[in-house]
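Since the structure comes first, as structure tokens, the remarks are kept for the end.
Both counts, for ligands and for their atoms, begin at 1 and track the order of listing. Worth saying up front: this structure is predicted, and the values here are computed from it rather than measured.
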Amino acid sequence: MAARRALVIGGSLGGLLAANLLRSVGWDVVVFERNPEDLTGRGAGLSTHPQLIDILRRLGIDFDESMGVRLDTFMFLDRSGKSYLEAKTVRTMSSWGRLYRSLRDPLPSQSYRLGMSLRYVEQDSAGVTAVFTDGSCVQGDLLVGADGVRSTVREQFLPDVTPNYAGYVAWRAMLDESDVPPDIRAEIFERYTFCLPEGELFLAYPVPGRNNETQVGRRAYNIVWYRPTAPDTLVDLCTDAGGRYHGTAIPPPLIRPEIVAGIKATARALIAPQAAEIFIRAEPFFQPIFDLESPQIVFGRVALLGDAAFVARPHVGAGVTKAALDAASLADAVAGEDLAAGLLQYQREQLPFGRGLVGLGRQEGAYISAQLKPRYQRTAGELKRDVNDVLLAHQLRSESLHKVLVASRRAS
Ligand SMILES: Cc1cc2nc3c(=O)[nH]c(=O)nc-3n(C[C@H](O)[C@H](O)[C@H](O)COP(=O)(O)OP(=O)(O)OC[C@H]3O[C@@H](n4cnc5c(N)ncnc54)[C@H](O)[C@@H]3O)c2cc1C
């Protein structure tokens with residue numbers, strides 16, 4: 001029997017995980033990515049979980065020390081820069097680029113097509129057709145929508161499902177290790193560092209460098225700072241110097257200079273000086289935080305996966321792990337001959353998992369979201385957050401993910 005063909009829309013980590021795992025169970029796979037150029041330039045730190053590492057190993061990708069920077073200590077700094085709580089942890093902080101390379105390299109070049117933007121999908125009992133904006137059409141047996149939070153595939157099948165703004169943004173910054181002043185580097189660089197300004201959450205940790213290096217001296221420092229931001233303020237943040245509003249995703253170079261100067265001044269006022277110094281030396285940008293839930297993830301021969309299906313707030317630090325678990329569930333479910341039954345099995349497994357993860361992210365972010373409500377409308381948990389709550393949530397992260405996974409498997 002000729003190999004069945006899967007068309008994967010979206011060539012980021014979710015699409016690549018799906019492509020590699022589907023190939024491992026005998027499918028012929030082609031990935032279509034709308035960007036005309038290779039995506040390697042996207043730099044971002046990513047926390048990893050044992051579930052992701054297991055799936056990479058299943059693909060023959062060894063999670064060795066070149067994959068990330070290992071951390072063994074959490075540290076909480078107060079406003080003056082004094083450490084008031086330290087604890088042990090075991091975490092590996094990887095990067096988007098490092099994972100991308102290890103998943104992209106094993107794919108034959110003809111299986112990954114850049115500059116192909118999906119317009120819509122057609123399907124009947126014999127197969128599925130992807131229609132692209134350049135007018136070309138490609139046929140297959142299965143189409144996987146791994147096209148992210150603004151998924152074209154999801155918009156066609158679930159036009160009413162849209163991302164919910166959580167009421168806060170993540171200010172992000174990355175600085176090369178060599179640009180971190182040596183005294184600050186010695187004090188905080190190799191620790192998972194937290195600052196807790198009232199109503200906010202600031203965290204920072206080392207990640208692989210610009211070219212995925214993990215050697216001392218060539219790594220980078222990654223900062224994520226969650227700040228409540230009312231919807232009208234967000235509109236202002238997303239408006240460039242020429243008065244043009246960029247929706248919720250303004251390109252970082254277009255963020256107005258006074259906004260960047262303002263956030264740097266706020267960092268000096270609210271954050272421990274060592275961490276603020278790193279933030280100020282970097283080029284900060286922001287990402288509004290959204291979550292999204294789909295009531296259905298299979299539509300005939302079409303399946304949604306990764307952020308296209310569900311987006312949990314990033315506190316869970318598990319977007320890529322979720323995409324990997326979705327992709328593994330999908331590949332296992334469609335390995336047999338009955339495609340329709342396999343896809344329904346995928347939906348039964350991953351729908352409750354996605355919901356559970358979104359719930360976990362909301363629970364962790366509730367305190368920050370609630371800052372936009374008057375105090376009298378907040379619950380006890382929304383009024384006060386203890387440092388121990390934050391520490392416990394971080395220490396139990398993989399366990400929480402595992403619990404959601406087990407509960408969803410039981411429910412399916
Ligand atoms: C502040 C922040 C911190 C985070 N930290 C972590 C972390 O520590 N750990 C972690 O695991 N996750 C983290 N995440 C989440 C993680 O980045 C995402 O969950 C993950 O990248 C999802 O991958 P994806 O492939 O599903 O979607 P995406 O990465 O969004 O990829 C979708 C791809 O589809 C392409 N595409 C879109 N439309 C079309 C079309 N019509 N035709 C063809 N191609 C198309 C896009 O160009 C893109 O390449 C974080 C997210 C944020 C915002």
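- Residues Phe202 and Thr193 fail the side-chain proximity criterion, which asks for heavy atoms closer than 4.5 Å.
- Every atom of ligand 1 with a heavy atom of Gly306 under 4.0 Å away is listed here by number and element: 26 (O).
- With ring centers used as reference points, Phe285 lies 6.0 Å or more from Trp171.
- At least one heavy atom of Ser117 sits closer than 4.0 Å to an atom of ligand 1.
- Considering backbone and side-chain atoms together, Arg34 places an N or O closer than 3.5 Å to an N or O of ligand 1.
- The shortest N or O to N or O distance between Gly317 and ligand 1 is below 3.5 Å.
- Of the possible polar contacts, none joining the Asp72 side chain to the Thr89 backbone as a donor-acceptor pair under 3.5 Å is found.
- Here's the thing with Val320: one of its N/O atoms is less than 3.5 angstrom from an N/O atom of ligand 1.
- The shortest N/O to N/O separation between Tyr205 and ligand 1 does not fall below 3.5 Å.
- The N/O atoms of Pro314, backbone and side chain alike, include none that comes under 3.5 Å of an N/O atom in ligand 1.
- In this structure the side chain of Thr321 reaches within 4.5 angstrom of the side chain of Leu401, judged on heavy atoms.
- For Asn35, every heavy-atom contact with ligand 1 shorter than 4.0 Å involves the side chain, none the backbone.
- Using modelled atom types, one finds no donor on one side chain facing an acceptor on the other under 3.5 Å when comparing Arg191 with Ser83.
- By the 4.0 Å heavy-atom criterion, His49 is excluded from the residues contacting ligand 1.
- Taking the side chain as every heavy atom from C-beta outward, Ile9 and Val144 never approach each other to under 4.5 Å.
- Residue contacts with ligand 1 for Gln287 involve side-chain atoms from C-beta outward but no N, CA, C or O (heavy atoms, distance under 4.0 Å).
- Of all the atoms in ligand 1, the ones that sit under 4.0 Å from a non-hydrogen atom of Leu118 are 40 (C), 41 (N), 42 (N), 43 (C).
- Side-chain N/O atoms of Asn222 and Tyr205 include a donor and acceptor closer than 3.5 Å.
- Within the 6.0 Å centre-distance limit, the rings of Tyr192 and Phe194 are counted as a close aromatic pair.
- The closest side-chain donor-acceptor pair between Ser369 and Arg313 falls under 3.5 angstrom.
- An N or O contact shorter than 3.5 Å is missing between Leu305 and ligand 1 by distance.
- Within the 4.5 Å cutoff, the side chain of Arg4 has no heavy atoms near those of the Leu142 side chain.
- Taking a cut-off of under 4.0 Å to the non-hydrogen atoms of Ile9, the atoms of ligand 1 that pass are 42 (N), 43 (C).
- Near Met116, the atoms of ligand 1 lying under 4.0 angstrom from a non-hydrogen atom of the residue are 42 (N), 43 (C).
- Shortest non-hydrogen contact noted between Ala276 and Ala267 is CB-O, 3.6 Å.
- The side-chain heavy atoms of Leu330 and Leu21, taken from C-beta on, include no pair separated by under 4.5 Å.
- Residue contacts with ligand 1, taken as heavy atom pairs separated by less than 4.0 Å, involve Leu46 via backbone and side-chain atoms alike.
- Between Cys137 and Thr129, the closest heavy-atom pair is CB-CG2, 3.8 Å.
- At a 3.5 angstrom cut-off on N or O pairs, Ser12 counts as close to ligand 1.
- Those atoms of ligand 1 that come under 4.0 Å of a heavy atom in Phe32, given as number and element, are 43 (C), 44 (N).
- Counting the atoms of ligand 1 from 1 in the order shown, those under 4.0 Å from a heavy atom of Ala318 are 10 (C), 11 (O).
- Close contacts between ligand 1 and Ala146 involve ligand atoms 32 (C), 33 (C), 34 (O) [criterion: under 4.0 Å to a heavy atom].
- Centroid-to-centroid, the aromatic rings of Phe286 and His246 stay 6.0 Å apart or farther.
- Look at Arg150 and you'll find every heavy atom at least 4.0 Å from all atoms of ligand 1.
- Considering backbone and side-chain atoms alike, Gly11 places every N or O at 3.5 Å or more from each N or O of ligand 1.
- Across the listed options Asp326, Asp147, Val169, Asp147 owns the non-hydrogen atom lying nearest to atom 37 (C) of ligand 1.
- Every atom of ligand 1 is numbered from 1 in the order shown, and the set under 4.0 Å from a heavy atom of Leu13 is 25 (O).
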